[in-house]
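See structure below.
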Amino acid sequence: MSDFLPSGIQLGYLVAASLFIVGLKQLGSPATARQGNVLAAIGMLIAIVGTLLEKQVVSYELIAVGIIVGSILGTIMANSVAMTDMPQMVGLLNGFGGAASALVAVGEFWRYLSIPESPTPDATITILLGVLIGGITFTGSVVAFAKLQELLPGAPISFPLQQPLNAALAIALLAGSGYMLFNPESVPVFLALVAISNVLGIMFVLPIGGGDMPVVVSLLNSYSGIAASVAGFILMNNMLIIAGALVGASGIILTQIMCKAMNRSLSSVLFGAFGSGGGSAAAAGGAGVTDKTVRSIDLEESAMMLGYARSVVIIPGYGMAVAQAQHAVRELADGLEKMGVDVKYAIHPVAGRMPGHMNVLLAEANVPYPQLYDMDDINPQFDETDVALVIGANDVVNPAARHDTASPIYGMPILEVDKAKHTIVIKRGMNAGFSGVDNELFYKDKTMMLFGSAKDVVAKLVSEVKQL
């Protein structure tokens, strides 16, 4: 039995890794995402059980306490966090993963101090990578959480000599790491490297604007996976190496998808300070808008336009998420379908504040998956759409992205709702979007503004449609 156990554990790891891969594949589609999540969870359970059977596990009592405390906290967070706050939740969990990996590296360093044996150069490099990547992920994720939670300004935060300070920190990190290779038991230098790594994480996210938060969240998710993989090398655990590598690779791929959806390079996201919310951005976004007047519409007329249309495309945005209007939107769509209206949903990859934000909200409201269309599929259909109903979306429907070279969002692929025969925009006011860019769609002749909170307005539209 004792001879079989190590082989059985490695076999379990292989099964778990296979479930992770299949689960990731199924997470790529809303129709199979729940099943993929279940498969990945089963894989993680197998991996945890296999790890607990390892001889290296020292104290099952402490592990049991950790499981109980973590389960209680996780349950409370899952039940108390609103769907609008899910980006903050994801960012914070990324930070926890980075912190755990960094603590593993610190613990391994301290273990070497308690034994006569000095760490080899390979072990030292692995420890330093764990501290570096884990520290940056932890503090960077905390700053991202604070920006999304509006504890810090969403606009880029900069100060004089910021770049020289970053360069000095990077040089100090490289110099200290080089010193540790020849003096691997130097406690002061190691602690200094831990501190520098955490400061670099803060400096990494501070100058990034709120409009780029979806990209930052996915990038930090990748970092947390890489940090976990490094922790796997430290602990010599194959499962942790594989799981971390999968998270790191999928996070990088998702980051590239987000950048493509915004028509921006990763370097411009990290160093371009997009989403400042400043007046210049707003002015640039409004360039080419000659008539700054808007047409408003009342609830009764809106309901008539929607109810007597042949086709309606609903474009959800962060405003819908803030108002928690997804259930009312689903009820409105059901009412329109009963009247024979063809209803579809147009999903932009970066709508909201994290990848897949709108998909998650609509899934919560049980919107049928076949009604969800991504940008490339729905854009050719707007020419034949009677009414485009924009609910809280802003930057992702701004026509300035197509033609205004002075706009910060120029070149970003958008949902071309301005090509629909009529457009109704539900919005609280005329404020610019999260990126700070004014939206020329609001001033188009075919656009009508329906002002108010998305949840209240849509609920009243449902009542008006029922009376038709």
Side-chain angles (χ1 to χ4, degrees), residues 87-109 125-159 161-177 180 189-231 234 244 247-248 251-252 254-255 258 266-275 353-354:
Q88 294 94 301
M89 177 80 161
V90 172
L92 201 58
L93 292 177
N94 288 339
F96 289 163
S101 301
L103 288 173
V104 168
V106 171
E108 184 70 0
F109 175 78
I125 291 173
T126 307
I127 290 172
L128 292 175
L129 285 174
V131 167
L132 170 63
I133 303 173
I136 290 176
T137 304
F138 171 59
T139 54
S141 298
V142 170
V143 174
F145 164 81
K147 279 177 170 277
L148 291 169
Q149 193 66 22
E150 298 182 353
L151 301 175
L152 289 175
I157 300 174
S158 58
F159 51 85
L161 301 179
Q162 187 174 30
Q163 296 305 326
L165 176 59
N166 289 340
L169 289 172
I171 292 172
L173 186 70
L174 292 174
S177 300
M180 287 291 295
V189 175
F190 180 77
L191 293 178
L193 292 175
V194 172
I196 291 173
S197 298
N198 284 275
V199 173
L200 278 174
I202 297 173
M203 301 296 290
F204 165 63
V205 180
L206 276 181
I208 299 177
D212 286 324
M213 276 301 117
V215 179
V216 174
V217 169
S218 61
L219 184 61
L220 289 170
N221 179 59
S222 176
Y223 284 0
S224 69
I226 296 171
S229 189
V230 171
I234 294 173
V247 173
I252 287 292
L254 184 57
T255 301
M258 294 293 103
L266 183 58
S267 61
S268 68
V269 169
L270 300 180
F271 308 112
F274 176 60
R353 293 190 181 178
M354 76 173 185

When rounded to the nearest 0.5 angstrom, what distance separates [atom1] in [X] from [atom2] in [Y]?
{"X": "I136", "Y": "S197", "atom1": "CD1", "atom2": "OG", "answer": "6.0 Å"}
{"X": "F145", "Y": "N94", "atom1": "CZ", "atom2": "CG", "answer": "12.5 Å"}
{"X": "M89", "Y": "Q149", "atom1": "CE", "atom2": "CD", "answer": "12.0 Å"}
{"X": "L129", "Y": "S101", "atom1": "CG", "atom2": "OG", "answer": "12.0 Å"}
{"X": "I252", "Y": "I226", "atom1": "CD1", "atom2": "CD1", "answer": "5.5 Å"}
{"X": "L161", "Y": "N166", "atom1": "CG", "atom2": "CG", "answer": "11.0 Å"}

Can you give me the closest heavy-atom contact between [X] and [Y], atom names plus distance?
{"X": "A172", "Y": "I196", "answer": "CB-CD1, 3.8 Å"}
{"X": "G248", "Y": "S222", "answer": "O-OG, 2.7 Å"}
{"X": "L200", "Y": "L169", "answer": "CD2-CB, 3.8 Å"}
{"X": "P153", "Y": "K147", "answer": "O-NZ, 3.3 Å"}
{"X": "G135", "Y": "A102", "answer": "N-CB, 4.1 Å"}
{"X": "A228", "Y": "G244", "answer": "CB-CA, 4.1 Å"}

One pair to check against side chain to side chain contact (heavy atoms under 4.5 Å, CB included): V215 and I208. What are the steps and the verdict? CA-CA 10 Å; V215 179; I208 299 177; over 6 Å; no
Just by modelled atom types, is the N198 backbone N or O under 3.5 Å from a matching donor or acceptor in the T139 side chain?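 Looks like yes, one N/O pair under 3.5 Å.
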Counting distance only, does the side-chain N/O of T255 pair as donor-acceptor with the main-chain N or O of G251 below 3.5 Å?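 Checking the backbone N and O of G251 against the side chain of T255, a donor-acceptor pair under 3.5 Å is found.
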Counting C-beta onward and ignoring hydrogens, is there a side-chain heavy-atom pair between [X] and [Y] closer than 4.5 Å?
{"X": "S224", "Y": "L220", "answer": "no"}
{"X": "L254", "Y": "N221", "answer": "no"}
{"X": "L193", "Y": "L128", "answer": "yes"}

With side-chain contact (heavy atoms from CB on, under 4.5 Å) as the test, pick out the partner of V143 among L151, L206, I157.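 It is L206; the other options fail the test.
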F109 vs F190 aromatic rings, parallel, tilted or perpendicular, using cut-offs 30° and 60°?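 Because their plane-to-plane angle is under 30°, the rings of F109 and F190 count as parallel.
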Step-by-step side chain to side chain contact (heavy atoms under 4.5 Å, CB included) determination, V230 to I127: CA-CA 8 Å; V230 171; I127 290 172; over 6 Å; no
